[in-house]
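Please read the structure below before turning to the comments.
Within every chain, numbering begins at 1; the chains are lettered A, B, ... in the order of the sequence lines, protein sequences first and strands thereafter. The structure displayed is predicted, hence computed values, not measured ones. These numbers come from the heavy atoms of this one structure, side chains and all, not from hydrogens, waters or symmetry mates.
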There are 2 protein chains.
Amino acid sequence: MEQNSRDKLAWTAARLFQERGFHGVGLNEILAASKLPKGSLYHHFPNGKSDLALEAAALAHREMSRIIDDAFEHAESYRSGATTLFYKLAKLFELMGKHTGCPISVILFSGPENDMFRERCAEYFASWTQQIASHAERLGESSNDAQLLAKKMFVTLQGGWTLARATQDGDVLRDLTKLLFNDKCEH
Amino acid sequence: MEQNSRDKLAWTAARLFQERGFHGVGLNEILAASKLPKGSLYHHFPNGKSDLALEAAALAHREMSRIIDDAFEHAESYRSGATTLFYKLAKLFELMGKHTGCPISVILFSGPENDMFRERCAEYFASWTQQIASHAERLGESSNDAQLLAKKMFVTLQGGWTLARATQDGDVLRDLTKLLFNDKCEH
DNA sequence: GCAACACTAGACCAATCGGTCTAATCATGT
DNA sequence: ACATGATTAGACCGATTGGTCTAGTGTTGC
């Protein structure tokens with residue numbers, strides 16, 4: 001809990017944005033939750049709410065990136081790494097109260113008028129997918145398969161998270177493994 | 001264009017909510033876009049914004065439901081029906097300006113304080129999945145497979161839509177077919 | 001003609017929004 | 001001790017928010 005004001009603001013904002021989205025959270029609420037005055041916010045984030053949201057998204061991106069690496073670090077196969085990842089995210093989802101959406105999309109989808117947000121979102125998504133693909137390749141998948149598997153994983157995760165949020169059930173995320181790997185041959 | 005005021009309000013609200021979410025659109029904007037006064041809104045929707053959002057979500061749900069049925073209606077296999085569905089949704093996505101999210105989740109995720117919205121969202125999701133599963137079963141899949149395929153389809157669609165929105169690319173949705181059906185056997 | 005009702009019209013409200021600004025306080029180097 | 005810059009503190013602002021209320025306008029059956 002020994003973080004500086006800037007980080008405290010960004011983390012608090014990230015948490016709240018993930019629950020209600022960019023437009024759903026007011027600055028006053030963020031300030032109240034961080035127990036910091038408005039002056040601090042505009043000192044650390046001169047452009048106000050937009051700056052804050054970008055930083056919150058950056059934090060969320062780095063955390064997700066770290067989680068992905070952690071999950072695949074000691075995995076002996078792509079499949080086991082993917083499973084670990086799903087479990088880790090389910091844990092996180094439950095820890096945050098089962099109300100949060102995908103950390104990035106929830107923060108950065110704020111409408112057509114803010115194309116920069118959307119682009120950033122696309123970059124982060126691509127970064128995660130690439131990261132997963134690297135792990136897949138490292139774990140023995142061919143380059144082509146790795147790309148496909150990563151995309152599949154990302155899309156499944158994204159959709160699964162939405163479903164988990166709607167149903168308030170972290171097990172939805174854990175079950176994604178079955179969904180991804182039950183590949184019976186289509187006849 | 002010969003719709004009554006109530007429908008006009010709901011459709012306008014649906015469109016705007018899908019771009020910026022529940023909290024991102026103000027009543028005044030909806031009224032301006034529908035060219036109707038505030039009195040009309042509170043006459044047709046006595047509980048104001050919440051009522052309006054619920055009705056907008058109901059409209060979106062019915063439309064999606066119809067699209068699903070249309071896609072599978074004349075399909076000779078589950079796979080071809082699924083492909084048609086993806087293509088139809090890609091078209092819709094592009095038609096709406098590539099900025100909209102999943103019609104339901106975008107409207108009905110407005111935060112923990114509104115659990116009724118979230119529950120409604122879960123119901124609609126379940127309804128779609130069930131609908132897809134029925135078509136799958138009708139097209140020859142076993143009951144178990146049908147459930148699994150439908151869930152897979154739903155999750156993929158949900159995640160793919162998010163990705164399409166981030167990248168502003170409807171082809172992401174069209175490519176989901178490959179993602180779903182390339183099932184090579186895992187060795 | 002007229003009563004009854006459905007609907008439109010928009011002025012108005014308190015509350016909250018994101019943002020600005022000045023003053024006070026804290027930390028640091030000299 | 002003192003100056004300096006970083007940071008905190010919060011009063012304040014105009015604009016906008018969702019919502020209420022009253023007056024007016026159709027529309028329908030009698």
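- The CG-P distance, from A:L27 to D:dC12, rounds to 20 Å in whole Å.
- Look at NZ on B:K35: it is 18 Å from C1' on C:dG10, rounded to the nearest Å.
- In summary, B:R62 and B:E55 engage in a salt bridge, as defined by a charged side-chain N under 4.0 Å from a carboxylate O.
- Ring geometry for A:H61 versus A:W128: interplanar angle under 30°, hence parallel rather than tilted (30 to 60°).
- In this structure, B:R174 is not positioned above the aromatic face of B:F86 in the sense of NZ or CZ being under 6.0 Å from the six-membered ring centre and within 45° of the axis.
- Proximity of A:N28 to the phosphate of C:dT16: no side-chain N or O atom is located under 4.0 Å from OP1 or OP2.
- A cation-pi geometry, defined here as NZ or CZ lying under 6.0 Å from the six-membered ring centre and within 45° of its normal, does not hold between B:R138 and B:F72.
- Computed from coordinates, the A:L52 CG to C:dC17 P distance equals 14 Å when rounded to whole Å.
- Between the NZ atom of B:K49 and the P atom of C:dA15 there is a distance of 19 Å, rounded to whole Å.
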Show each protein N/O and nucleotides 5-8 of chain D N/O combination with a separation under 3.5 Å, one pair to a line.
unit_1, atom_1, unit_2, atom_2, d
D:dT7, OP2, A:H43, NE2, 2.7
D:dT7, O5', A:H43, NE2, 3.4
D:dT8, OP1, A:S5, OG, 2.2
D:dT8, OP2, A:S40, OG, 3.0
D:dT8, OP2, A:H44, NE2, 3.0
D:dT8, O5', A:S40, OG, 3.3

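- The distance between atom CG of B:N47 and atom P of D:dG19, rounded to the nearest whole Å, is 9 Å.
- The residues B:R20 and B:E29 are annotated as salt-bridged, a charged nitrogen and a carboxylate oxygen being separated by less than 4.0 angstrom.
- Rounded to whole angstrom, the span from the OH atom of B:Y42 across to the C1' atom of D:dT22 amounts to 16 Å.
- With rounding to whole Å, B:Q3 atom CD is found 15 Å from C:dC7 atom P.
- A salt bridge links A:K178 with A:D175: the closest approach of a Lys/Arg side-chain nitrogen to an acidic carboxylate oxygen falls below 4.0 angstrom.
- Atom NE2 of B:H23 is separated from atom P of C:dG18 by 12 Å (rounded to the nearest Å).
- In this structure, B:K38 reaches the bases: a heavy-atom distance under 4.0 Å links it to at least one base atom across the strands shown.
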